[in-house]
Amino acid sequence: MTKSISIFGATGSVGTSTLDLIRRDREKYRVIALTANSNADELAALAKEFSAEVAVVADDRAYERLSQLLEGTAIEAASGSEKLNEVAALGADWTMAAIVGCAGLPPTLAALRCGKTVALANKEALVSAGALMTAEARTAGATLLPVDSEHNAIFQSLQGGRIDQVHKITLTASGGPFRTWTREQMASVTPAQAVAHPNWDMGAKISVDSATMMNKGLELIEAHYLFPVGLENIEILVHPQSVIHSMVEYRDRSTLAQLGSPDMRIPIASALAWPERMDTDCLPLDLATIGRLDFESPDEQRFPATRIAREAITAGGAYPAMLNAANEIAVAAFLDGSVQFLEITEIVSRLLESYSPAKPSDLTDIFAIDKETRVRAKQLVEELSV
Ligand code: NDP
């Protein structure tokens with residue numbers, strides 16, 4: 001049976017890793033839609049290679065280029081955020097949600113409403129609208145498969161077990177490139193240093209999140225929505241080698257973990273083939289060569305992001321969406337040189353302390369909170385950059 005596939009964020013790190021796996025067995029998959037933000041050249045090349053039915057750029061300014069590149073092919077060229085939602089609603093058997101940021105929320109929801117399978121990499125969508133997203137998935141009877149390596153590891157460790165048998169979930173964290181640095185050393189970090197992750201090759205935003213440890217904060221919130229074991233039963237453990245991708249401890253104190261080389265194609269392959277398994281050419285795990293695995297507790301004095309995220313999810317309501325939006329703005333400002341590395345978490349923290357909107361009851365409320373937080377976060381960026 002052929003599986004129809006749509007990939008949102010096809011030109012990114014997760015998107016291209018997904019296509020790399022599909023390339024292995026073209027007969028098995030039929031690509032419906034591929035999307036990007038503005039990278040029309042790469043999107044057109046991928047759409048042609050995989051004979052997609054439609055290629056969409058979110059940014060209307062990239063439409064002309066995309067349509068020129070796809071002229072004379074059977075591939076429809078389109079643009080705009082509404083079109084993203086429209087193609088998500090086409091209901092591919094398997095959708096990869098790999099847009100970066102909260103911009104991925106509407107198409108992810110549209111895909112979930114089709115009641116098919118959605119592989120979720122786009123953690124910011126879940127952080128901003130976790131309760132709504134999981135409720136929509138349940139109502140539609142959709143299958144939500146976590147792709148983030150930690151959540152995929154937990155998902156795999158739960159096979160054969162039940163969530164009510166779980167005592168504790170341990171989210172592992174590499175600690176990022178500055179794991180051993182002092183705050184003084186981190187004060188002058190450059191974007192190039194922050195995006196150079198020691199273990200994983202990822203997009204710029206998640207790489208900076210890993211460096212501040214906000215990535216682990218976002219993942220804590222993500223885990224809270226995906227695996228309802230109680231926030232107090234989800235802990236973070238720094239494990240610099242990124243070999244154990246997370247662990248589940250059951251009530252009888254038996255602990256199951258998923259291990260693998262730090263290659264995103266492994267969790268993506270698990271979601272792509274699920275409930276089967278597929279061959280990959282990823283490096284096998286060579287524990288004898290690795291030799292040792294190290295663990296340490298997170299240091300929230302040097303990396304306060306996980307504490308801030310825990311406080312945001314404990315406060316609930318609008319706070320997770322605000323945390324995410326403020327962080328997106330702060331990371332973008334750091335990458336464009338407007339603020340310093342340590343100011344990223346400072347902006348998030350100051351925002352959460354200074355703004356307390358009412359609890360959102362629907363998607364419209366979440367978007368309003370997201371929008372207002374971005375305006376306020378940009379004001380903080382301006383204050384800090386003068
Ligand atoms: P990248 O930056 O590499 O790619 C992002 C993709 O989203 C690109 O296709 C980009 O298009 C598209 N995009 C960016 N902004 C918008 C927008 N406003 N509207 C529509 N499309 C947009 O990101 P990653 O692949 O690294 O990450 C994607 C998601 O997966 C993130 O949520 C991240 O946290 C999560 N994730 C990533 C992992 C990784 O290893 N990379 C691991 C676990 C989770 P264009 O190319 O045109 O800019």
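Ligands are counted one by one from 1 in listed order, and the atoms in each one are counted from 1 as well. Values reported hereafter were calculated over all heavy atoms of this structure, with side chains retained and with hydrogens, waters and symmetry mates removed.
A salt bridge links Glu311 with Arg307: at least one charged nitrogen is closer than 4.0 Å to a carboxylate oxygen.
Partners of Ser13 by side chain to side chain contact (heavy atoms under 4.5 Å, CB included), not counting sequence neighbours: none found.
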All N/O donor-acceptor pairs, side-chain side in residues 102-112, below 3.5 Å, sequence neighbours left out:
| residue | atom | partner | partner atom | Å |
| --- | --- | --- | --- | --- |
| Thr108 | OG1 | Gly104 | O | 2.6 |

Give the table of side-chain donor-acceptor pairs shorter than 3.5 Å for residues 28-39, with sequence neighbours excluded, one pair per line with atom names and distance.
| residue | atom | partner | partner atom | Å |
| --- | --- | --- | --- | --- |
| Arg30 | NH1 | Glu53 | OE2 | 2.7 |
| Thr35 | OG1 | Gly9 | N | 3.1 |
| Asn39 | OD1 | Glu42 | N | 3.1 |

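Taking the six-membered ring where the residue is Trp, Phe227 and His151 present parallel rings, their angle staying beneath 30° rather than reaching 60°.
Tyr250 approaches Leu158 most closely through the heavy-atom pair OH-CA, 3.4 Å.
Using a heavy-atom distance under 4.0 Å as the criterion, the protein contacts of ligand 1 are Gly9, Ala10, Thr11, Gly12, Ser13, Val14, Ala36, Asn37, Ser38, Asn39, Ala58, Ala98, Ile99, Val100, Ala103, Ala121, Asn122, Lys123, Glu124, Asp148, Met202, Gly203, Ile206, Met264.
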